[in-house]
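Since the structure comes first, as structure tokens, the remarks are kept for the end.
Residue indices begin at 1 and follow the sequence shown.
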Amino acid sequence: MEHEDLDNQEHSIIKDLLEKYVYHWKLFLVFFLLSFLFAFFYLRYTQKTYNISASILIRVENDGIFSELSALEDLSIFKNKNQEVENEIEILKSRPLIENVVKALNLNVTYFTKTKYTKRIVEVTEGIPLEVTFFDESKYEKSENFIVRVNSEKEFDLLNKEGTFLSSHIIGDTLTTDFGSFRLTVRKEFLQEYLGKPIYVKLSSLATAVESYKSKLNIGINDPKSTVVILSIETKARERAKLFLKSLIDEYNKNIVDDKNEIIQNTSNFITERLDIINKELVELEGNLQSFKINNNLTNLKTEASLILENASANEQTMINNAVQQELVELVLDFLKNKKGDLLPATLGFDDSTVADLIVNYNDIAVERNRITKSSGGKNPVLLALNEKLVVQENSLIQSLNNLQITLRSQYDGLKAIDAGFNSEKVGIPNKERKLREIERQQQIKETLFLYLLQKSEEASISLAASATNAKLVERPFTSHTPVSPKKNKTYISAFLAGLLLPIVLLLIKDTLDTKVHDLKNLRRVLPLPFLGDIPSSKEVGKIQDLGEDRSDVAESFRLLDINLNFLLTNIENESKTILVTSTRKGEGKSFVASNLAITLARSEKKVALLEMDLRSPMIRSHLRIKAKTGLTDYIRDVDLKISDITTTMKGLDNLDVITSGSTPPNPAELLKSNRVKNLFVKLKEEYAYIIIDTPPVSLVADTLLLSAYADLCAYVIRFNYSDKRMLDIPKTLHQEKRFNNMALLVNDVDYKKTYGYGYGYGYGYGYGTKKKKKSLFSKN
């Protein structure tokens, strides 16, 4: 049963809330109209933000130890490819790269204008009618604002940022101003719309512009296994954003090509340097050979040495190759020792594959380190790791070169010993001829090395011209079809929610701040008292004088009170019923209810006594226009007075007798404790069918509680739009403590048109035609 009561109570609360909100449907309608109107103008006049995106494919080449472990990438053990892509993303987002793009496209200069109706200053994003080009280097360090007003295709006015006219100029001339030297050019296809209108030019510092684009730029990958990188930016200026993304990709590729060309260029420079040296040595050897032959009259080898020379030829060729390799080792070791550059000559052609691979790996690590250095600080973990790896690679290369050098020298010594054997067999060959062969062999070594280096120089030149970019454009920069902000559906949904929630919030705030009683259902929920009835509102001030012919709502409500009283007093065995009328505070209409209830009961041919027992602030006599000089206080003090001496019979109502309060006493509570009061009620019960008692408010004095013992029914009056909800605990406590017998609730001043949640809603006076106009029935107490 308790669960059912709670469910019913929750259902009732929800129903009351719905009734309240339905009652204020006009408020909701106004807010809905205002919200959708605001949304409409917001969508119409707010600049739209679009998403511009492009995608590129990053070419990743696994080399070294990682190439051998690339098969393990699918097992998530090594993420070499993803790490390289993340490094490239950081480079794409680096400030130096964005800075170059901003400078190239002049993106630190933006243009604004005023809207036609709202006069808001907004950025010109499409069809920019002019371009301001600054010449001073300080344009990247300062921020300035000024206004340009183009009067024609040849002339414009210059104004400061406050709009004060400065000077007029010819379009295309170079101007020198306080904010720098610049030139203004116009785009005629867009100029007509802006003629005579102020165009606000904003020059931002390079750092501010770079930071702005860096914060807007988003770079990422959709698939972790893919190397396709998505670049996107949200902006109002779509064309400038497309140019920015395109230029950013181009600048990135240019840097990649420059990095690759750096190795080739260093190799080419090294080969050119060595060719110059060897060429000088060849010239010197050829001169020596010519001088030796002239001095010794040598033309051809002797026939007897031909066989020995043929056998020694193969050995000599091997010695030549060995000497070339030793020379290359010396060159590279000398290069490493002198540190002529970070990158080594990569295409010298070592016969030893280990040394050749070590040189390639060394250059790859050096290039990667240089690229990371450009976009990050010296404490970057990736950079530190690459530096350490480069040192290890360099040490390995030096060790391998030293080992190779030892091996080549050992081989050369062996070949030289073999050559010595051939020399010993050529004893018969003249000493001059042997010296000639020595000179020719040195010449041949230098020629071979010269031709070899010349070939490598051509290969380096070809590689320099054919360097490939690192990023392949997959999708060109394109704009989303619908703006990302403001979104039409989202805006109208927000407007709908605002139109729904704002009135609810206002009503909740109003209800929270409003301390008056307005709702009968909530009142009965807080005060679980039997319901005696309700009295409707009246605009006129006065009182009921004749209920016999009156068919107003007020008159009908008091007739219903008569019926409800009979129901509530059914269990009272006494023939005479005493009804006490009270309220929480003054002004709630208890005297009005008491007097008119007495008149209603008297009209039903029942003997009624109306007692004005609010001794401190009596109102009955003024309501009924009674001029009695003596009353209850006089009766209690003077034992000689009889009840008939203080009783006044109403004119036209022989069944209604009124006993006024009399003179105002200094101690009303003491008087009400007198036995004379008890005797008064005993005698009145013998004569009257109903005794109506008008008492003081219970929250002010204790007089009413002294009279509770004489009452068969307590009619507790609550006045709508007047009684304080915070004081409802007073009647609730009185009921819980059973301070009154048979306590019932009577609601006064009910406006059926304005009171939502009211139980009936039909009013009174059904079927009586036109109501008789009466003066208002509500009193001021």
Taking the side chain as C-beta and beyond, is there a heavy-atom pair between [X] and [Y] under 4.5 Å?
X      : Y      : answer
Phe28  : Leu500 : yes
Val581 : Leu746 : no
Asn51  : Ile233 : no
Thr113 : Ile121 : no
Thr660 : Ile620 : no
Val554 : Asn596 : no
Leu532 : Leu565 : yes
Leu520 : Val750 : no

Start with the C-alpha gap between Ile693 and Ile579, add the side-chain angles, then the distance that decides, and say whether side chain to side chain contact (heavy atoms under 4.5 Å, CB included) holds.
CA-CA 6 Å; Ile693 308 174; Ile579 302 170; over 6 Å; no
Mind running side chain to side chain contact (heavy atoms under 4.5 Å, CB included) on Leu523 and Leu745 for me, showing each step along the way?
CA-CA 10 Å; Leu523 175 63; Leu745 180 64; 3.9 Å; yes
Suppose we screen for side-chain contact (heavy atoms from CB on, under 4.5 Å). Which residues come up paired with Asn145, at least two apart in sequence or across chains?
Lys161, Lys202
Verify side chain to side chain contact (heavy atoms under 4.5 Å, CB included) between Val698 and Ser583, making sure each step is shown before the conclusion.
CA-CA 6 Å; Val698 294; Ser583 64; over 6 Å; no
Residue list, salt bridge (Lys or Arg N to Asp or Glu O under 4.0 Å) with [X], at least two apart or on another chain:
X      : answer
Arg726 : Asp724
Glu123 : none
Lys607 : Asp657

Neighbour count above 12 (heavy atom, 6.0 Å) for [X] [atom1]:
X      : atom1 : value
Glu605 : CD    : no
Lys214 : NZ    : yes
Lys516 : NZ    : yes
Gln736 : CD    : yes
Tyr492 : OH    : yes

Enter the distance from [X]:[atom1] to [Y]:[atom2] here, rounded to the nearest 0.5 Å.
X      : Y      : atom1 : atom2 : value
Ile646 : Leu611 : CD1   : CG    : 7.5 Å
Asp729 : Lys725 : CG    : NZ    : 12.5 Å
Tyr722 : Lys586 : OH    : NZ    : 8.5 Å
Ser232 : Ile52  : OG    : CD1   : 9.5 Å
Ile659 : Thr647 : CD1   : OG1   : 4.0 Å
Lys685 : Lys577 : NZ    : NZ    : 9.5 Å

Hey, which of Asn748, Thr695, Asp614, Thr704 is the one that makes side-chain hydrogen bond (donor to acceptor under 3.5 Å, both in side chains) with Lys590?
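Among the candidates, only Asp614 passes.
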Hey, is the main chain of [Y] close enough, under 3.5 Å, to the side chain of [X] for a donor-acceptor pair?
X      : Y      : value
Glu612 : Arg621 : yes
Asn667 : Ala669 : no
Ser604 : Leu601 : yes
Ser212 : Thr208 : no
Thr633 : Ser663 : yes
Thr664 : Arg616 : no

How far apart are the C-alpha atoms of Ser591 and Asp694, what are their side-chain angles, what is the distance that settles it, and do they pass the side chain to side chain donor-acceptor pair (under 3.5 Å) test?
CA-CA 6 Å; Ser591 299; Asp694 179 30; 2.8 Å; yes
Ignoring hydrogens and angles, state whether a donor on the side chain of [X] or [Y] is under 3.5 Å from an acceptor on the partner side chain.
X      : Y      : answer
Ser723 : Glu588 : yes
Arg637 : Ser674 : no
Asn679 : Arg676 : no

Do you know the tightest heavy-atom contact between [X] and [Y]?
X      : Y      : value
Asn742 : Asp712 : CB-O, 3.1 Å
Gly589 : Val717 : C-CG1, 4.3 Å
Gly533 : Leu561 : CA-CD2, 3.8 Å
Ser622 : Met619 : OG-O, 2.8 Å
Val593 : Phe558 : O-CE2, 3.7 Å
Phe720 : Asp749 : CB-O, 3.4 Å

May I ask you to say whether Arg559 pairs ionically with Glu556, meaning some side-chain N is under 4.0 Å from a carboxylate O?
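The answer is yes: the pair qualifies as a salt bridge.
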Apply salt bridge (Lys or Arg N to Asp or Glu O under 4.0 Å) to residues Lys216 and Glu234 and explain how you reach the verdict.
CA-CA 6 Å; Lys216 295 177 183 177; Glu234 292 184 0; over 6 Å; no
How would you list, by chain and number, every residue that makes a ring-ring contact (aromatic ring centres under 6.0 Å, His included) with Phe32, sequence neighbours excluded?
Phe496
Please step through side chain to side chain contact (heavy atoms under 4.5 Å, CB included) for the pair Leu610 and Ile599, ending with a clear verdict.
CA-CA 9 Å; Leu610 176 60; Ile599 293 174; over 6 Å; no
Any residue meeting side chain to side chain donor-acceptor pair (under 3.5 Å) with Tyr716, in chain and number order, not counting sequence neighbours
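By the side chain to side chain donor-acceptor pair (under 3.5 Å) rule, Tyr716 matches Thr584.
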